[in-house]
Amino acid sequence: MGIAFMNDRMPETLPFISHETRSEWLLQRVAILRQHPNFSEAAADYADDAVGIFEGRYMANKVMANVARQVICMSILALHFTRDNGHHGATISSIQNITSSLKLCSKNTTSATIDLLENIGLVSRVLDETDHRNHLIQPTDKLISGMRRIVGVAIAAADKLFPSRHYQQLIDDTDGFLERYFASSLHSLLNVSTMISNLHSSQLFAISDGGGVLLCKLMTMKEQQPADRENIVSFPYDEIGNLFGVSRTHIRRLMKRAEAEGLVRLLEDGGRQIEILPTLNDVFENMVAAHIARAQFDIHLANGDYDLLPIDRNA
């Protein structure tokens with residue numbers, strides 16, 4: 001649910017907001033959000049909503065558990081909905097440019113992922129009328145609906161923190177705002193790498209398959225514990241793996257690495273008892289704040305709220 005790779009070259013940027021300015025604003029926004037008096041409550045709701053989307057849905061996990069696949073899906077939507085602004089739409093090469101620049105995966109892996117998305121009905125290929133050598137990768141209603149639910153988790157959390165902004169209402173409106181939101185998302189997508197990489201220990205869960213959702217599951221289980229055992233959860237690797245479509249071995253390795261980084265303490269084998277340390281709560285809240293900050297940026301950009309955005313002085 002985030003990216004933890006530093007990028008050398010941006011495929012595209014805004015003429016009035018540089019990549020560096022955007023990165024600085026997003027990091028500052030994370031710090032501001034975490035100081036909000038209602039942030040802990042909003043973060044807990046975020047975790048519940050995220051788990052609700054993925055738990056028990058193997059195909060959703062297969063498509064979205066991998067960070068690179070999330071970026072590919074968002075890139076397809078972004079490039080598709082900017083096609084009227086001098087762009088032809090999403091092509092395999094344009095998506096490969098993004099994943100390569102972000103050092104997410106190889107061109108072959110990107111192509112194979114698009115094949116997977118096509119096979120399960122999330123995208124279709126149509127001939128590019130401007131260049132018959134290419135095919136455009138178009139999102140189906142199924143992909144649009146699925147990604148709307150996923151971004152809706154961050155938007156719902158933002159709405160809880162800033163109810164007067166009516167973020168959810170904007171997304172629910174039928175005047176094409178959702179399409180403008182997806183089109184705007186390409187810019188912040190190119191900043192997530194820097195943002196997540198600068199947040200302590202966030203890389204561990206950001207780069208792991210399903211890591212973000214597994215972290216949310218841990219935190220929802222923590223919230224369900226009685227006060228005298230609020231930091232001790234039962235997280236059996238077999239059961240959790242079946243719920244989220246990842247292997248027991250994958251979860252065990254993730255938890256071992258989390259222990260090595262001082263985020264958890266493994267009290268019993270197989271995840272039967274895990275102590276959640278305060279540092280893991282910091283990682284979780286940083287992750288949630290990062291996604292809320294990004295959602296706010298995209299909404300303000302799509303809505304033309306430039307007074308709320310970090311405009312470069314020399315733009």
Side-chain angles (χ1 to χ4, degrees), residues 1-5 7 11-12 49-50 52-54 57-83 87-126 135-155 171 178-193 196 206-213 216 244-246 287 290-291 294-295 297-299 302:
M1 298 180 67
I3 311 169
F5 299 85
N7 44 303
E12 181 177 333
D49 291 345
I53 289 177
F54 289 98
R57 299 182 65 229
Y58 172 75
M59 189 52 68
N61 296 325
K62 183 177 181 181
V63 173
M64 300 306 301
N66 184 284
V67 172
R69 290 176 181 174
Q70 292 180 37
V71 172
I72 289 169
C73 288
M74 285 301 295
S75 299
I76 290 170
L77 290 169
L79 293 169
H80 175 74
F81 287 116
T82 56
R83 65 192 187 281
H87 301 277
H88 298 154
T91 63
I92 290 181
S93 60
S94 63
I95 300 166
Q96 287 173 330
N97 183 37
I98 292 172
T99 55
S100 297
S101 295
L102 294 173
K103 294 182 170 60
L104 281 173
C105 59
S106 68
K107 291 184 177 181
N108 287 340
T109 298
T110 301
S111 180
T113 299
I114 294 171
D115 288 341
L116 169 66
L117 297 176
E118 183 179 24
N119 289 338
I120 61 179
L122 295 181
V123 302
S124 61
R125 300 178 198 240
V126 299
H135 282 81
L136 299 178
I137 311 301
Q138 293 192 344
T140 64
D141 290 342
K142 187 176 178 182
L143 177 60
I144 295 171
S145 175
M147 291 306 300
R148 177 177 180 165
R149 288 188 66 197
I150 291 169
V151 301
V153 173
I155 291 170
I171 294 295
L178 182 66
E179 289 79 3
R180 296 199 303 276
Y181 175 87
F182 283 135
S184 300
S185 69
L186 178 61
H187 306 291
S188 63
L189 180 70
L190 303 177
N191 283 87
V192 178
S193 58
I196 297 296
I207 64 177
S208 169
D209 280 0
V213 179
C216 285
F244 295 101
V246 293
M287 181 193 77
H291 287 291
R294 183 187 167 201
F297 183 93
D298 293 342
I299 287 175

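For the single chain, residues carry numbers from 1 onward in sequence order. Not measured: the values here are computed from a predicted model.
Leu79 places a side-chain heavy atom less than 4.5 Å from the side chain of Ile98. Ile144 is not listed as a side-chain neighbour of Glu179, based on a closest heavy-atom distance of 4.5 Å or more. When side chains are defined from C-beta on, Leu178 does not count as touching Phe81, because their heavy atoms never get closer than 4.5 Å. Counting only heavy atoms from C-beta outward, the side chains of Leu189 and Arg294 approach each other to under 4.5 Å.
Taken to the nearest 0.5 Å, the CE atom of Met74 stands 12.5 Å off from the CD1 atom of Ile95. With values rounded to the nearest 0.5 angstrom, Leu117 atom CG is found 10.5 Å from Lys142 atom NZ. Distance CZ/Arg148 to OH/Tyr181: 12.0 Å, rounded to 0.5 Å. Atom-to-atom distance recorded for Leu136:CG and His80:NE2 is 9.0 Å, nearest 0.5 angstrom. Going from atom OG of Ser124 over to atom CG of Leu143 covers 10.0 Å, rounded to the nearest 0.5 Å.
Side chains of Thr91 and Ser94: a donor on one and an acceptor on the other come within 3.5 Å. For the residue pair Asp298/Ser185, the side-chain donor-acceptor check at 3.5 Å is not satisfied.
The minimum heavy-atom distance between Gly121 and Thr140, with the atom names listed, is O-OG1, 2.7 Å. Taking every heavy atom of both residues into account, Leu186 and Ala78 meet most closely at CB-CB, 3.6 Å. Gln96 and Ser111 make their closest contact through NE2-CB, 4.1 Å (heavy atoms, listed as atom of the first residue, atom of the second, distance).
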Worked check of side chain to side chain contact (heavy atoms under 4.5 Å, CB included) between Phe182 and Thr82
CA-CA 9 Å; Phe182 283 135; Thr82 56; over 6 Å; no
Side chain to side chain contact (heavy atoms under 4.5 Å, CB included) assessment of Met287 paired with Cys216:
CA-CA 10 Å; Met287 181 193 77; Cys216 285; 3.9 Å; yes
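Judged by distance alone, with hydrogens and angles left aside, the side-chain atoms of Ser184 form a donor-acceptor pair with the main-chain N or O of Arg180 at under 3.5 Å.
Within 6.0 Å of the CG atom in Asn119, the count of heavy atoms belonging to other residues, nucleotides or ligands exceeds 12.
Considering Ile72, Val71, Leu77 in turn, Val71 is the only one that fulfils the side chain to side chain contact (heavy atoms under 4.5 Å, CB included) rule with Ser75.
For Phe297, the ring pair (Phe, Tyr, Trp, His ring centres under 6.0 Å) partners two or more places apart in sequence, or in a different chain, are Trp25. For the side chain to side chain donor-acceptor pair (under 3.5 Å) test, residues two or more places apart in sequence or in another chain that qualify with Thr109 are Ser106. Residues passing the side-chain contact (heavy atoms from CB on, under 4.5 Å) test with Arg125 are Ile92, Ile114, Asp115, Glu118, His135, Ile137, sequence neighbours excluded.
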